Number of protein chains: 2
Amino acid sequence: MPNKNLMLSRKQQILNTAARLFRKRGYSATSMRDIAREMQMEAASLYNHINSKQAILSELLLHIAQAFTDGMFEIKNSSVSNIEKLEQLVALHVQMTVDYTDAISLIPNEWVHLEGDAIKHFLNLRDQYEKDFNTLLEAAVKDKKLGDIDIDLASFSILSSLRWLYSWYSKNRHTDVEKLKKEMIRNLIYGLK
Amino acid sequence: MPNKNLMLSRKQQILNTAARLFRKRGYSATSMRDIAREMQMEAASLYNHINSKQAILSELLLHIAQAFTDGMFEIKNSSVSNIEKLEQLVALHVQMTVDYTDAISLIPNEWVHLEGDAIKHFLNLRDQYEKDFNTLLEAAVKDKKLGDIDIDLASFSILSSLRWLYSWYSKNRHTDVEKLKKEMIRNLIYGLK
DNA sequence: CAATCTAACTAACATTTGTTAGTTTTGTAG
DNA sequence: CTACAAAACTAACAAATGTTAGTTAGATTG
């Protein structure tokens, strides 16, 4: 089977390669020459497609963060119960993990290497997302669908597990995605009942 | 001999400072000059106390990993029920998080920058710990103390939350430690019942 | 064919990096 | 006070870094 990367734009190939290397060794420990070697080209040639190393990181991270924000917007405004919205959010995380395993692995830590407006933007999206998540969790408790939990700590626990799912999924790629969604919903949401 | 104690205490200051900076910016993005500046000394002077940047990282990570291994050994061999052992393990994580907040933050990601024997040793300790954790979880299920969960995924979820607790705790240092232990046990263990 | 565009190349740059060597200061024990 | 060891300093190093400038090969278009 030919390389899947062949069908993508050169820029997208570079982003994918960078995501894989950033995941493996971290942003700082990955050099432009590392990325270039993997792409079988010279480091300077990368600049025909991307503006800077920093721009690679911010494209990767902001793309993921925006996708989560968009997903949250849709789910928040849908007309299902609060507990169902929570279920859909867990499913969103699982789906994102499956679709963007490498890039999503950068979310927990590598954002610290963003600079300027990019880091502000990223943290704005992240903080708003977490606020929305807490709000939904609180609403579900008020609906008597969840026990009398510490909202902040429970929210943190759930999101921690979801953020690290990429690591589990990498070792279990055979897993059926829909089954995984159901199991995570059970573990993380109904475990708290 | 009091000279040696003074030297060790200076070394410990360096380790603590390094842990704080490694946490903030990552191992690779933290230079020896960064650590030195924070210690109000020159980079070269650090080498009177430590052998290399790499040695700092491995001392920090292996110290934490060994403490977990020791804790697991004690708990495994104690004469309480399996479910109580799980409770004690959660409490161990919480206590370690409180005692070594900065150094413990390096456990999830920064081990990738270990080299040679250090990385082998670290991964051995980590993998054995996770195996022991899984075994206990399985035993608790067999005791009918937990529902019919996917052991691997549940173990992963619990450990993810515990690994990231340092981040929550940093923003909630006022929290009573014993209360936090109880809440985490409830969230992570009895949530699964 | 000629002109244009894309995407590769080589060469070089100014910084920053971890670390070593050699020297000087400082604190303490006898 | 002297002697010594601990721990700081200055200076320098080779290697690696992100990036720019200028050039060239190959394809596409008029």
Side-chain angles (χ1 to χ4, degrees), chain A residues 3 5-61 106 110-119, chain B residues 1-22 24-61 106 110-119:
Chain A
N3 193 338
N5 264 340
L6 285 180
M7 302 180 295
L8 301 173
S9 77
R10 207 77 175 117
K11 175 176 174 176
Q12 195 56 55
Q13 290 177 42
I14 292 172
L15 291 177
N16 289 346
T17 300
R20 198 175 71 247
L21 295 183
F22 289 171
R23 174 182 174 185
K24 198 175 180 181
R25 321 241 310 109
Y27 173 78
S28 289
T30 303
S31 72
M32 295 300 279
R33 284 166 182 84
D34 290 336
I35 299 170
R37 189 178 315 114
E38 208 79 357
M39 293 287 301
Q40 308 202 73
M41 65 202 293
E42 294 299 317
S45 308
L46 294 170
Y47 289 82
N48 284 314
H49 307 279
I50 51 94
N51 290 325
S52 63
K53 187 187 178 188
Q54 174 69 199
I56 296 177
L57 184 65
S58 74
E59 284 213 37
L60 289 171
L61 285 176
L106 310 176
E110 300 300 313
W111 63 266
V112 303
H113 298 111
L114 289 174
E115 298 164 7
D117 286 343
I119 195 170
Chain B
M1 273 314 130
N3 290 341
K4 201 162 194 180
N5 278 335
L6 185 64
M7 185 193 88
L8 286 177
S9 121
R10 199 80 174 119
K11 176 177 175 177
Q12 196 55 56
Q13 288 176 42
I14 293 172
L15 291 177
N16 291 343
T17 300
R20 199 174 70 246
L21 296 183
F22 289 172
K24 198 174 180 183
R25 321 240 310 111
Y27 173 78
S28 288
T30 303
S31 72
M32 294 300 278
R33 285 166 181 84
D34 291 336
I35 299 170
R37 188 179 316 114
E38 208 79 358
M39 293 286 301
Q40 308 202 72
M41 65 202 292
E42 293 299 316
S45 308
L46 294 170
Y47 288 83
N48 284 315
H49 307 279
I50 51 92
N51 290 325
S52 63
K53 188 188 179 188
Q54 174 69 198
I56 296 177
L57 183 67
S58 75
E59 284 213 36
L60 289 171
L61 284 175
L106 310 176
E110 300 300 314
W111 62 267
V112 303
H113 299 110
L114 288 174
E115 298 164 7
D117 286 342
I119 197 171

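Values in this document were obtained by computation on a predicted structure and should not be read as measured data. Throughout, a chain's letter reflects where its sequence line sits, starting with A, and its residues are numbered from 1.
Rounded to a whole Å, the NZ atom of Lys53(A) is 8 Å from the P atom of dT19(D). Rounded to a whole Å, the CZ atom of Arg25(B) is 13 Å from the P atom of dT16(C). dA6(D) atom P lies 17 Å from atom CD1 of Ile50(B), rounded to whole Å. Going from atom CG of Asp34(A) over to atom C1' of dA15(D) covers 14 Å, rounded to whole Å. Ile35(B) has its CD1 atom 8 Å from the P atom of dG18(C), to the nearest Å. Atom OH of Tyr47(B) and atom C1' of dT20(C) are 9 Å apart (whole Å). Distance, Glu115(B) CD to dT19(C) C1': 14 Å, rounded to whole Å. Atoms CZ (Arg33(B)) and P (dT16(C)) sit 10 Å apart, rounded to a whole Å.
Side-chain atoms of Asp34(B) and Ser31(B) include a donor-acceptor pair closer than 3.5 Å.
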Could you list, one pair per line, each protein nitrogen or oxygen that sits under 3.5 Å from a nitrogen or oxygen of nucleotides 5-10 of chain C, together with the distance?
residue : atom : partner  : partner atom : Å
dA8(C)  : OP1  : Arg10(A) : NE           : 2.6
dA8(C)  : OP1  : Arg10(A) : NH2          : 3.2
dA8(C)  : OP2  : His49(A) : NE2          : 2.4
dA8(C)  : N7   : Asn48(A) : ND2          : 2.5
dC9(C)  : OP2  : Glu42(A) : N            : 2.6
dC9(C)  : OP2  : Ser45(A) : OG           : 2.8

Item to check | Derivation and outcome, side-chain contact (heavy atoms from CB on, under 4.5 Å), residues Val112(A) and Lys24(B) | outcome: CA-CA 8 Å; Val112(A) 303; Lys24(B) 198 174 180 183; over 6 Å; no

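At least one side-chain heavy atom of Ile35(B) sits under 4.5 Å from a side-chain heavy atom of Ile56(B). For the pair Ile119(A) and Trp111(A), the minimum side-chain heavy-atom distance is below 4.5 Å.
Among dT17(D), dT19(C), dT17(C), the nucleotide with an atom closest to any side-chain atom of Ser31(B) is dT17(C).
As judged by a 4.0 angstrom heavy-atom cut-off over every strand, Thr30(B) is placed among residues touching the sugar-phosphate backbone only.
The environment of CZ in Arg20(B) is crowded: more than 12 heavy-atom neighbours from other residues, nucleotides or ligands sit within 6.0 Å. No more than 12 heavy-atom neighbours from other residues, nucleotides or ligands sit within 6.0 angstrom of CG on Asn51(B).
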